[in-house]
Amino acid sequence: MSAPPQAKGEPVTSKSQLIEYLSEGCKPKDQWRIGTEHEKFVYRLSDLQRLPHDGEQSIRALLEGLISFGWEGITENGNLIALKMGACNITLEPGGQLELSGAPVENLHQTCSEVHSHLDQVKQIAEPLGIGLLGMGFDPKWKREDVPWMPKGRYAIMKKQMQRRGKLGLDMMLRTSTVQVNLDFDSEADMVQKFRVSLALQPVATALFANSPFTEGKANGFLSYRSHIWTDTDPDRCGILPFVFEDGMGFERYVDHVLDVPMYFVYRDGAYIDAAGQSFRDFLEGKLPALPGEIPAISDWADHLTTLFPEVRLKRFLEMRGADGGPWRSLCALPALWVGLLYDSDSQQAAWDLIKDWTPQEHQDLRDEVPRRALKTPFRKGTLQDLALQILEISEEGLARRARISGTGEDERQYLWTLREIAESGVTPAERKLQEFEETWHGDIDPVFRVHAY
């Protein structure tokens with residue numbers, strides 16, 4: 001088993017190096033890849049409790065079992081905290097949510113094969129241990145204090161800082177689950193247009209994937225409570241980033257934004273050093289209070305980039321972060337939606353034409369209303385349902401033009417059918433669960449762990 005990587009890379013002394021780091025993400029179109037990540041809640045079948053890290057029925061037992069499939073264990077201070085196999089990683093969110101960070105693949109058929117293989121492996125280990133898996137955006141049953149913390153150094157630092165910056169940060173860490181996709185760009189101009197399109201349309205994804213209507217066994221008044229939680233987590237590092245739509249947006253503008261976001265930590269010698277609230281600008285000048293006299297390595301910049309949580313995040317690729325976790329088919333549908341929109345130039349232009357005249361207030365109104373109303377959110381002369389149908393049509397056309405054919409002769413449009421059904425009916429996964437809760441489960445939340453388990 002191996003330890004997490006140490007700080008590494010060239011010393012950083014100027015902002016230009018930080019800009020260059022992002023710009024090195026530009027790739028020609030034939031090298032674009034699809035990277036899908038998804039989280040799920042893990043619980044004991046006997047009492048539905050979330051798993052601790054250690055013990056007979058635990059996260060550690062699940063990870064150790066997966067090593068039998070060829071995964072390499074990664075430890076921190078003697079604790080097994082992750083697994084690695086090639087370009088794939090299995091990691092832990094703060095409350096033990098199990099995450100697959102998939103390998104960069106060329107098409108959605110490979111994405112779905114990867115997801116299927118992962119879930120099959122996890123279930124083979126989980127079932128004999130009496131462990132279940134659930135895909136939802138928010139833990140439907142347990143209180144914050146009922147969820148065990150995972151023994152990762154960065155989470156201890158984030159826990160302290162989250163409590164200073166918002167009321168719901170600990171809920172974000174312990175009780176949320178998501179699916180996201182990471183996509184490439186070929187130039188700064190392409191990055192900017194992709195960033196703008198995807199940021200504007202994250203509310204559409206949030207609505208289509210809305211799947212977190214319960215808190216502590218009761219309806220919470222939201223369809224995507226997970227999305228709402230981000231509005232009261234940390235105003236410095238969350239939100240819709242209005243500057244992305246302004247003139248002058250580019251790698252340098254994003255770097256300036258990231259430099260203005262206070263740090264969480266620095267990783268050195270196998271440990272996370274608390275730098276919460278300190279400035280990366282000071283770090284560049286050797287004036288970081290947590291490490292006096294030291295300047296950052298490029299890996300410190302890469303770490304800092306991961307501590308921002310906007311609806312779309314720029315690293316050396318773009319991360320789409322607006323969707324709730326969900327069932328198996330939604331794990332393929334989320335990348336399908338964005339690949340269809342952003343990996344075909346005609347579709348990307350059509351999506352840009354659709355959103356380019358939206359006002360800052362319209363962006364904000366969608367962000368505010370969609371967590372509660374999802375597809376029923378009013379927008380211009382209709383509702384978000386109307387917009388979702390338009391977006392799906394554009395995405396389907398993009399996937400058709402990509403013409404990536406599976407072994408059974410189908411193209412990638414097949415992965416959008418579940419979203420098409422949601423958009424046409426106007427009924428989100430959250431609303432279906434609410435109906436089950438009221439009419440079939442008679443106000444008892446426990447059946448969700450059986451009916452909607454993986």
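- Using bins of under 30°, 30° to 60° and over 60° for the plane-to-plane angle, the ring pair W328/H116 lands in the perpendicular bin.
- Side-chain contact between N182 and M320 is absent, with no heavy atoms from C-beta onward closer than 4.5 Å.
- Between R226 and D324 there is a salt bridge, since at least one side-chain N of the basic residue sits less than 4.0 Å from a carboxylate O of the acidic one.
- Using modelled atom types and a 3.5 Å distance limit, the side chains of R367 and Q364 yield no donor-acceptor pair.
- Side chain of R313 to backbone of L308: a donor-acceptor contact under 3.5 angstrom is found.
- Each disulfide (SG to SG under 2.5 Å) pair with one or both residues in residues 105-224, not counting sequence neighbours, appears once here: C112-C332.
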Step-by-step ring-ring contact (aromatic ring centres under 6.0 Å, His included) determination, F309 to W230: CA-CA 8 Å; F309 311 116; W230 284 111; 5.4 Å; yes
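- Looking only at distances, no side-chain donor or acceptor of R281 sits under 3.5 Å from a matching main-chain atom of S279.
- Checking H109 against Y415 by side-chain atom types alone, a donor-acceptor pair falls below 3.5 Å.
- Legend: disulfide (SG to SG under 2.5 Å) pairs involving residues 56-104, not counting sequence neighbours: none detected.
- F437 is listed as a side-chain neighbour of I445, based on a closest heavy-atom distance under 4.5 Å.
- Under a 3.5 Å cut-off, the side chain of D232 and the backbone N or O of I229 do not form any donor-acceptor pair.
- Salt bridge present: D54 and R60 bring a charged side-chain N and a carboxylate O closer than 4.0 Å.
- Annotation: ring-ring contact (aromatic ring centres under 6.0 Å, His included) contacts of H257 (sequence neighbours excluded): F243, Y254.
- In terms of the salt bridge (charged side-chain N to carboxylate O under 4.0 Å, His left out) criterion, residue partners of E285 (sequence neighbours excluded) are, by chain and number, K287.
- Expressed to the nearest 0.5 Å, how far CG of N79 lies from CG of L92 amounts to 10.0 Å.
- A perpendicular orientation is assigned to the rings of Y225 and F138, their planes being inclined by more than 60° (bins at 30° and 60°).
- At a cut-off of 3.5 Å, with distance as the only test, a side-chain donor of Q124 or D120 sits close to an acceptor on the other residue.
- Expressed to the nearest 0.5 Å, how far CD of Q110 lies from OG of S406 amounts to 11.5 Å.
- More than 12 heavy atoms of other shown residues, nucleotides or ligands fall within 6.0 angstrom of atom NZ in K84.
- Contacts of E294 classified as salt bridge (charged side-chain N to carboxylate O under 4.0 Å, His left out), with partners at least two apart in sequence or in another chain: R268.
- Using a 4.5 Å heavy-atom threshold, the side chains of K141 and D146 count as separate.
- By the 6.0 Å contact criterion, NZ on K15 is enclosed, its count of non-hydrogen atoms from other residues, nucleotides or ligands being greater than 12.
- W71 and Q121 form a side-chain donor-acceptor contact under 3.5 Å, judged by distance and modelled atom types alone.
- Side-chain N or O atoms of E319 include none that pairs as donor or acceptor with a backbone N or O of L314 at under 3.5 Å.
- A 4.5 Å side-chain heavy-atom check between L83 and I74 finds every atom pair outside the cut-off.
- In this structure, Y267 and D303 have side chains that are in contact, with non-hydrogen atoms separated by less than 4.5 Å.
- Within the structure, the disulfide (SG to SG under 2.5 Å) test picks out no pair touching residues 24-54 (sequence neighbours left out).
- Judged by distance alone, with hydrogens and angles left aside, the side-chain atoms of W32 form a donor-acceptor pair with the main-chain N or O of K27 at under 3.5 Å.
- You'll find the side chain of L284 reaches within 4.5 Å of the side chain of P296, heavy atoms only.
- By the salt bridge (charged side-chain N to carboxylate O under 4.0 Å, His left out) test, D234 is found to be paired with R165, R237, residues two or more places apart in sequence or in another chain being considered.
- Listed by first and then second residue, the salt bridge (charged side-chain N to carboxylate O under 4.0 Å, His left out) pairs involving residues 212-224 are R175-E216 (not counting sequence neighbours).
- Using the six-membered ring where Trp is involved, F251 and F185 have ring planes that are tilted, between 30° and 60° apart.
- Take R33 and apply the salt bridge (charged side-chain N to carboxylate O under 4.0 Å, His left out) test, not counting sequence neighbours, and it matches E106.
- Counting non-hydrogen atoms of neighbouring residues, nucleotides and ligands closer than 6.0 angstrom, the CD atom of E56 reaches no more than 12 such neighbours.
- You'll find the side chain of L22 stays beyond 4.5 Å of the side chain of F317, heavy atoms only.
- Without hydrogens or angle criteria, T176 side chain to G137 main chain gives no donor-acceptor distance under 3.5 Å.
- Closest heavy-atom contact between L108 and E412: N-OE2, 2.9 Å.
- K160 NZ: 12 or fewer foreign heavy atoms inside a 6.0 Å radius.
- For the residue pair E431 / T428, a side-chain donor-acceptor distance below 3.5 Å is found, with atom types taken as modelled.
- Salt bridge annotation for K29-D186: absent, with no cationic side-chain nitrogen under 4.0 angstrom from a carboxylate oxygen.
- Using a 4.0 Å cut-off between a side-chain N of Lys or Arg and a carboxylate O of Asp or Glu, E436 and R432 do not qualify as a salt bridge.
- Sorted by first then second residue, the salt bridge (charged side-chain N to carboxylate O under 4.0 Å, His left out) pairs that include residues 126-139, not counting sequence neighbours, are R50-D139.
- At least one side-chain heavy atom of H363 sits under 4.5 Å from a side-chain heavy atom of F245.
- Counted by atom type alone, T215 and N220 present one or more donor-acceptor pairs between their side chains at under 3.5 Å.
- Classification of K194 and D184 as a salt-bridged pair fails, no side-chain N sitting under 4.0 Å from a carboxylate O.
- Among residue pairs with one or both ends in residues 258-295, none qualify as disulfide (SG to SG under 2.5 Å); sequence neighbours excluded.
- Relative ring orientation between H452 and W441 is described as perpendicular, the plane-to-plane angle rising above 60° on a 0-90° scale split at 30° and 60°.
- Listed for the H53 side chain is a donor-acceptor partner under 3.5 Å among the backbone atoms of L80.
- In this structure, R316 is positioned above the aromatic face of Y21, its NZ or CZ under 6.0 Å from the six-membered ring centre and within 45° of the axis.
- Cation-pi check for R372 over F222 is met; the charged atom lies under 6.0 angstrom from the ring centroid and within 45 degrees of its normal.
- Judged by distance alone, the side chain of Q161 and the main-chain N or O of Y264 form no donor-acceptor pair under 3.5 Å.
- Relative ring orientation between F449 and Y43 is described as perpendicular, the plane-to-plane angle rising above 60° on a 0-90° scale split at 30° and 60°.
- Rounded to the nearest 0.5 Å, atoms OG (S224) and CG (L208) are 11.5 Å apart.
- Pairs engaging residues 35-46 under the salt bridge (charged side-chain N to carboxylate O under 4.0 Å, His left out) rule: R44-D47 [sequence neighbours left out].
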Could you give me the CA-CA distance, side-chain angles and deciding distance for Q348 and D190, then say whether side-chain hydrogen bond (donor to acceptor under 3.5 Å, both in side chains) is met? CA-CA 10 Å; Q348 182 174 319; D190 185 45; 3.1 Å; yes
